[in-house]
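Residue numbers run from 1 in the order of the sequence given. Heavy-atom basis, side chains included; hydrogens, waters and symmetry copies ignored.
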Amino acid sequence: MATEILMPALSPTMEEGTLAKWLKKEGDAVKSGDIIAEIETDKATMEFEAVDEGILGKILIAEGTQGVAVNTPIAVLVEEGESADDIKAPASAPAQAKSSDDEAKADDQPGASAVEAVKTPEPDHSPDYPEGTKMKTMTVREALREAMAEEMERDETVFLMGEEVGEYQGAYKISQGLLDKFGPRRVVDTPISEIGFAGIGTGAALAGLRPIVEFMTFNFAMQAIDHIINSAAKTLYMSGGQMGCPIVFRGPNGAAARVGAQHSQDYAAWYSQIPGLKVVMPYSAADAKGLMKQAIRDPNPVVFLENEILYGRSFEVPDLPDFTIPFGKARIARAGSDVTIVSFGIGMAHALEAADKLAAEGIEAEVIDLRTLRPLDYGSIIASVKKTNRLVTVEEGFPVASIGNHISAYVMENAFDYLDAPVINCTGKDVPMPYAANLEKHALITPAEVVEAVKKVTYR
């Protein structure tokens, strides 16, 4: 009785392989344990042992064939006296196996455009809170504190840890009063060791708690970046979805005022590149509060990038018992029809100031506040570019591999025919941040540079 020999799964994750070489030919006797073929995967070349005994009656898949799916019949064993002439290859075998000749022919055929396959989601421009909601004035500092306090009251697994968050009331007074309210078990002062307390926080999140880890500046988080990226961001994927890591890494990011190169870097683009992280960078107090509450509730690790200069600025915040803002939803901060300006974080201050100056000259700019960088609201950007036909991006970080670079590439692929001018990226200068005040001013992006960029794309 004929027995099919199937393409083996030589590892738990193997789905297909190359039948590199047959070590037996048709008509050869085969015993259990004999090496009959060599199989190549993307990781190694392995020998394939026979399980059954008989005569190799017919080879169904020729050696050198690539892309042979696991469990595809590759040969047939027959018993002594049985003829191999009547054995036919299964109809499914050729369809499952791809020879190198087939792949070469396929390469000559025109394929579908990768751009055509991309579907940008429709933007969500629904209001963040109901019309007529009572508002209150708060600083960004107060909004962050209130968000953390509300979530710590709501969920006892939430706790705050970091340098000087407790007894000193926070290096920037974000956590002022939280130690008195929640006690030292939930507002934890740590040693000056980012790699230590970020690791403890990540472990606590993997074990089911919801830590908020404060860095005195995200420049110091470089000491802890292995925990953030290799442990917090990747564990859900590497565990096959079995281990989540609900943690918020937060603190000031970017330049303050005369604190030098090692305390002034903007890490928005760094973290936004990492699958597994969500990245938030708010501008207003309302966004700081709504997005912080959302970040604490999220089952994934969130990098929450604040700005020291914005801490003391006041904005209107909705006076609601529970106010959150979903990730991936940009805000149209100013409507316009002549040019789109996209920014986030403190860059919004420069974008809005530039828009006011441009309006005085008859140029109406639409200003989009991204709010979250991962996920990114591509839909709002594309919709605006289709309306204005021009795009300028504004951010404080370095120009190489910036958020603006990524947005430019996406718009080129998905809205090229709508552009009437090249996209311009306004960024900080490509130098370490100087300490001297006069040089620092030149290193940072300014509203005047945004105005100049807009005039270039509008040919004014």
Ion pair D287/R331, N-O distance below 4.0 Å: yes
So does E150 pair up with K289, basic N to acidic O under 4.0 Å? yes
Exercise: identify the closest heavy-atom pair between A268 and L305: CA-CD1, 3.6 Å
Give every residue pair that meets the ring-ring contact (aromatic ring centres under 6.0 Å, His included) criterion with at least one member in residues 222-244, sequence neighbours excluded. none
Tell me which donor-acceptor pairs under 3.5 Å the side chains of residues 308-320 have, and how far apart each pair is, sequence neighbours excluded?
unit_1	atom_1	unit_2	atom_2	d
Y311	OH	E306	OE1	2.4
E316	OE2	T137	OG1	2.5

Return the CD1 to CD distance between I403 and Q273, rounded to the nearest 0.5 Å. 9.5 Å
Name all pairs fulfilling the salt bridge (Lys or Arg N to Asp or Glu O under 4.0 Å) condition that reach into residues 199-215, sequence neighbours left out, sorted by first residue then second. D155-R210, E214-R250
Salt bridge or not between R258 and E440? Use side-chain N to carboxylate O under 4.0 Å. no
Applying ring-ring contact (aromatic ring centres under 6.0 Å, His included) as the test, list every pair that has at least one member in residues 387-408; sequence neighbours left out. Y378-H406
L439, CG: over 12 other non-hydrogen atoms inside 6.0 angstrom: yes
I'd like to check the salt bridge (Lys or Arg N to Asp or Glu O under 4.0 Å) partners of E366; sequence neighbours left out, ordered by chain and number. K387
Is there a side-chain hydrogen bond (donor to acceptor under 3.5 Å, both in side chains) between N253 and D266? Walk through the geometry before answering. CA-CA 6 Å; N253 168 72; D266 179 359; 2.8 Å; yes
Return the set of residues passing ring-ring contact (aromatic ring centres under 6.0 Å, His included) with F182 (not counting sequence neighbours), or none when no residue passes. none
Which residues pass the salt bridge (Lys or Arg N to Asp or Glu O under 4.0 Å) test with E353, not counting sequence neighbours? K357
May I ask you to check whether over 12 heavy atoms, not counting those of K429, lie within 6.0 Å of atom NZ? yes
Around M238, counting heavy atoms of other residues, nucleotides and ligands shown, do more than 12 lie under 6.0 Å from its CE? no
Could you check whether atom NZ of K136 has more than 12 heavy atoms from other residues, nucleotides or ligands sitting under 6.0 Å from it? yes
Straight-line distance of S272 OG to K278 NZ, nearest 0.5 Å: 13.5 Å
Give a yes or no on whether a salt bridge exists between E151 and R154, defined as a side-chain N under 4.0 angstrom from a carboxylate O. yes
How would you list, by chain and number, every residue that makes a ring-ring contact (aromatic ring centres under 6.0 Å, His included) with F218, sequence neighbours excluded? F215, Y271
For K329, salt bridge (Lys or Arg N to Asp or Glu O under 4.0 Å) partners two or more places apart: D128
Any non-hydrogen side-chain atom of L6 less than 4.5 Å from a side-chain atom of I74? no
Is there a donor-acceptor contact under 3.5 Å linking the side chains of S408 and N405? no
Within a reach of under 6.0 Å around CD of Q262, are more than 12 heavy atoms found that belong to other residues, nucleotides or ligands? no
SB check D322 K293 (cutoff 4.0 Å): yes
Using residues 239-247 as the side-chain source, report each donor-acceptor pair under 3.5 Å to any protein atom, sequence neighbours left out, with the distance given to one decimal.
unit_1	atom_1	unit_2	atom_2	d
S239	OG	T235	O	2.9
S239	OG	L236	O	3.2
S239	OG	Q242	N	3.3
S239	OG	M243	N	2.9
Q242	NE2	S239	O	2.9

Please assess N425 against V423 for the test side-chain contact (heavy atoms from CB on, under 4.5 Å), listing each intermediate value before the final yes or no. CA-CA 7 Å; N425 302 140; V423 178; 4.0 Å; yes
Y459 atom OH, neighbour heavy-atom count above 12 within 6.0 Å: yes
Sequence neighbours left out, what passes salt bridge (Lys or Arg N to Asp or Glu O under 4.0 Å) with E164? Give chain and number order. none
Contact summary for G328 and T372, nearest pair of heavy atoms: N-OG1, 2.9 Å
Can we say K455 and E361 salt-bridge, meaning some charged N sits less than 4.0 Å from an Asp/Glu carboxylate O? yes
Working to the nearest 0.5 Å, report the span between CD1 of I368 and CD1 of I407. 9.0 Å
Answer yes or no: are there more than 12 heavy-atom neighbours, outside Y418 itself, under 6.0 Å from its atom OH? no
Sidechain N-carboxylate O distance under 4.0 Å for D356, R334: yes
Counting only heavy atoms from other residues, nucleotides and ligands, does the tally under 6.0 Å from CD of E156 exceed 12? no
Can you name the nearest heavy-atom pair linking V394 to S343, along with the distance? O-OG, 2.8 Å
Which pair of non-hydrogen atoms, one from I341 and one from A351, has the smallest distance, and what is that distance? CG2-CB, 3.7 Å
Would you list the pairs meeting ring-ring contact (aromatic ring centres under 6.0 Å, His included) in which at least one residue belongs to residues 421-443, sequence neighbours left out? none
Indicate whether the side chain of H125 and that of S380 have a donor and an acceptor atom separated by less than 3.5 Å. yes
Check the pair R390, L419 against side-chain contact (heavy atoms from CB on, under 4.5 Å), reporting the backbone distance first and the verdict last. CA-CA 6 Å; R390 295 167 174 83; L419 289 172; 6.0 Å; no
Shortest non-hydrogen contact from Y283 to V140? O-CG2, 4.0 Å
Closest approach of A255 and E396, non-hydrogen atoms and distance? N-OE1, 3.0 Å
Please identify which of these residues, I296, V302, I325, meets the side chain to side chain contact (heavy atoms under 4.5 Å, CB included) condition with L291. I325
Flag side-chain contact, heavy atom, 4.5 Å: Q294 against F327: yes
